[in-house]
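A quick note: this is a predicted structure, and the numbers were derived from the prediction, not measured.
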Amino acid sequence: MAARVVIQTQDFDVGAEIAALRAQDKRVGAVCTFIGTVRDRNDGQSVSTMELEHYPGMTEKSIEDMIDAAFQRFDIYAARVIHRVGPLLPLDQIVLVVVTSAHRGESFQACEFLMDYLKTQAPFWKKEQTPEGARWVDARVSDDQALAKWGIASGNSAT
């Protein structure tokens, strides 16, 4: 069985990841995916590159805990998170979340829950290159608000 959490520099194949997650599981009636990509603009400025950093081991553990929380909240069969690190360009895929369940509602909710959690709680640091130079990207208040709808307070100072 494939790992539930993978942190990598290389791109991922969405179709292959979905196929691997649902392989031979005849209970699956729904598969929900989220793919995050690098935008060429953020906060009104153009972005030429983004670099993501993390703490190996700590990041995977944090995301594993998020997946465990999703299993406690939702009736899902499987979940997988792939997150890229290193230098990325606009249009590059950054993150993939895949969730399987019997019915779409559980998959949709669990996928959204995992993304809301990832955006605020996962130990990643993003640095963007803009025409004005490099800048670190802080968590957005809207991301903290999205997490709050699940009854979870963010540890970020933006709230």
Side-chain angles (χ1 to χ4, degrees), residues 2-23 30-67 69-70 74 76 78-100 104 107-150 152-159:
R4 293 192 315 178
V5 177
V6 178
I7 309 297
Q8 63 189 36
T9 56
Q10 71 270 23
D11 199 6
F12 47 83
D13 179 332
V14 175
E17 295 299 335
I18 293 169
L21 195 66
R22 60 183 285 233
V31 179
C32 185
T33 61
F34 175 86
I35 304 162
T37 59
V38 178
R39 294 182 307 268
D40 68 347
R41 298 196 67 73
N42 189 22
D43 290 334
Q45 292 186 329
S46 77
V47 174
S48 59
T49 63
M50 176 189 295
E51 186 162 353
L52 283 96
E53 298 179 5
H54 78 297
Y55 284 122
M58 184 175 96
T59 304
E60 291 87 345
K61 171 75 169 96
S62 174
I63 298 171
E64 283 284 352
D65 290 347
M66 292 174 200
I67 292 174
F74 308 102
I76 59 176
R80 182 160 167 85
V81 174
I82 300 175
H83 208 297
R84 294 181 65 193
V85 293
L88 299 166
L89 299 171
L91 300 178
D92 284 350
Q93 299 180 128
I94 303 171
V95 62
L96 172 67
V97 176
V98 183
V99 178
T100 65
R104 70 181 181 269
S107 286
F108 276 126
Q109 287 184 310
C111 193
E112 183 177 17
F113 171 79
L114 286 169
M115 271 313 303
D116 289 344
Y117 216 4
L118 279 166
K119 289 289 286 184
T120 58
Q121 305 300 110
F124 289 103
W125 294 268
K126 296 179 188 177
K127 183 170 39 172
E128 296 175 333
Q129 290 292 334
T130 70
E132 288 77 28
R135 66 178 181 186
W136 291 99
V137 179
D138 292 326
R140 301 176 194 276
V141 171
S142 61
D143 293 331
D144 293 333
Q145 291 168 341
L147 186 63
K149 77 179 172 199
W150 303 107
I152 301 169
S154 171
N156 295 319
S157 60
T159 57

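Scored by the side-chain hydrogen bond (donor to acceptor under 3.5 Å, both in side chains) test, R135 finds Q45, E128 as partners (sequence neighbours excluded). Applying the side-chain contact (heavy atoms from CB on, under 4.5 Å) test to A69 and every residue at least two apart in sequence or in another chain returns F113, Y117. In this structure S46 satisfies the side-chain contact (heavy atoms from CB on, under 4.5 Å) test together with R41, P131, sequence neighbours excluded. Every residue meeting the salt bridge (Lys or Arg N to Asp or Glu O under 4.0 Å) condition with K61, not counting sequence neighbours, appears here in chain and number order: D65. Considering only residues two or more places apart in sequence or on other chains, F34 meets the ring-ring contact (aromatic ring centres under 6.0 Å, His included) condition with none of them. Contacts of H83 classified as ring-ring contact (aromatic ring centres under 6.0 Å, His included), with partners at least two apart in sequence or in another chain: F124. Every residue two or more places apart in sequence or in another chain was checked for a side-chain hydrogen bond (donor to acceptor under 3.5 Å, both in side chains) with T100, and none qualifies. Here P87 pairs with nothing under the side-chain contact (heavy atoms from CB on, under 4.5 Å) rule; sequence neighbours left out. Listed by chain and residue number, R80 satisfy the salt bridge (Lys or Arg N to Asp or Glu O under 4.0 Å) test with E17 (two or more places apart in sequence, or in another chain). Evaluation of the salt bridge (Lys or Arg N to Asp or Glu O under 4.0 Å) rule for D92 yields no partner, not counting sequence neighbours.
Judged by distance alone, with hydrogens and angles left aside, the side-chain atoms of Q93 form a donor-acceptor pair with the main-chain N or O of F12 at under 3.5 Å.
For residues 45-54, no pair satisfies salt bridge (charged side-chain N to carboxylate O under 4.0 Å, His left out), with sequence neighbours left out. Listed by first and then second residue, the salt bridge (charged side-chain N to carboxylate O under 4.0 Å, His left out) pairs involving residues 2-13 are R4-E64, R4-D68, D11-R84 (not counting sequence neighbours).
To the nearest 0.5 Å, atom CG of residue L114 and atom CE of residue M66 are 8.5 Å apart. One finds the CD1 atom of I82 at 5.5 Å from the CD atom of Q8 (value rounded to the nearest 0.5 Å). Distance CH2/W125 to OG1/T59: 6.0 Å, rounded to 0.5 Å. The CG atom of D40 sits 7.5 Å away from the CG atom of L91 when rounded to the nearest 0.5 Å.
When every heavy atom of Q121 is checked against every heavy atom of S62, the shortest pair comes out as O-OG, 3.8 Å.
You'll find the side chain of L21 stays beyond 4.5 Å of the side chain of V31, heavy atoms only. V38 places none of its side-chain heavy atoms less than 4.5 Å from the side chain of L89. Contact of the D116 side chain with the T120 side chain is not registered, since no non-hydrogen atoms from C-beta on lie closer than 4.5 Å. In this structure the side chain of I94 reaches within 4.5 angstrom of the side chain of M50, judged on heavy atoms.
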Exercise for the section: Assess whether side chain to side chain contact (heavy atoms under 4.5 Å, CB included) is satisfied between V95 and M115, documenting all intermediate values. Expected result: CA-CA 9 Å; V95 62; M115 271 313 303; 4.2 Å; yes
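Of the options T49, L52, T9, a side-chain contact (heavy atoms from CB on, under 4.5 Å) to L88 is made by L52 and by none of the others.
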